[in-house]
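Here is the structure we will look at, set down as structure tokens.
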Amino acid sequence: MTRKHWSELTPWQRRTAVATMVAEAALAGAAWTDLALRPAEFVRGRKLWWALVILINFAGPIAYFRWGRRT
């Protein structure tokens with residue numbers, strides 16, 4: 001698999017890449033906002049650890065929303 005430069009991508013591939021980046025950034029932003037506003041007693045584990053986990057592409061924010069929050 002060879003890496004392509006942005007200029008080599010088709011318009012459809014560019015739109016898909018941008019949409020994916022926006023979705024990932026929105027999901028991470030929502031997770032960080034929730035983490036920052038949620039009291040520590042309603043978070044499973046340390047908040048710093050979850051803040052770092054959220055950095056992991058789509059998997060981190062999804063993991064936080066699934067397993068990191070106490071209701």
Side-chain angles (χ1 to χ4, degrees):
M1 180 174 177
T2 60
R3 296 183 87 181
K4 290 185 177 182
H5 292 279
W6 186 258
S7 61
E8 297 172 331
L9 297 177
T10 65
W12 182 84
Q13 290 172 322
R14 288 181 189 182
R15 283 191 303 271
T16 301
V18 169
T20 301
M21 287 183 256
V22 168
E24 184 178 338
L27 188 58
W32 276 316
T33 300
D34 183 81
L35 181 63
L37 298 177
R38 186 172 296 272
E41 60 267 14
F42 293 109
V43 176
R44 287 187 174 97
R46 300 182 71 188
K47 288 178 94 171
L48 175 62
W49 187 81
W50 280 111
L52 295 173
V53 168
I54 292 169
L55 285 170
I56 304 169
N57 293 337
F58 282 105
I62 291 170
Y64 169 71
F65 283 123
R66 173 61 181 92
W67 293 291
R69 303 183 312 163
R70 293 179 198 250
T71 56

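This chain uses plain numbering: 1 for the first residue, then up along the sequence.
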Distance-only donor-acceptor hits, side chain of residues 42-52, under 3.5 Å, sequence neighbours excluded:
| from | atom 1 | to | atom 2 | distance (Å) |
| --- | --- | --- | --- | --- |
| Arg44 | NH1 | Arg69 | O | 2.7 |
| Lys47 | NZ | Leu35 | O | 3.0 |
| Lys47 | NZ | Arg38 | O | 2.7 |
| Trp50 | NE1 | Arg44 | O | 2.4 |

Do any side-chain atoms of residues 1-11 form donor-acceptor pairs under 3.5 angstrom with protein atoms, and if so which ones, sequence neighbours left out?
| from | atom 1 | to | atom 2 | distance (Å) |
| --- | --- | --- | --- | --- |
| Glu8 | OE1 | His5 | N | 2.9 |
| Thr10 | OG1 | Gln13 | N | 3.2 |
| Thr10 | OG1 | Gln13 | OE1 | 3.3 |

message = Test of understanding: with side chain to side chain contact (heavy atoms under 4.5 Å, CB included), list the residues that count as partners of Ala26, not counting sequence neighbours.
response = none
remark   = Closest non-hydrogen atoms of Pro61 and Ile56, given as atom of the first, atom of the second and distance, are CD-O, 3.8 Å
inquiry  = Applying the side chain to side chain contact (heavy atoms under 4.5 Å, CB included) criterion to Thr20, which one of Val22, Val18, Thr16 satisfies it?
reply    = Thr16
key: side-chain hydrogen bond (donor to acceptor under 3.5 Å, both in side chains) contacts in which one or both residues fall within residues 55-67, not counting sequence neighbours   = Asp34-Tyr64
task = Could you list all the salt bridge (Lys or Arg N to Asp or Glu O under 4.0 Å) pairs where at least one residue sits in residues 13-33, not counting sequence neighbours?
result = none
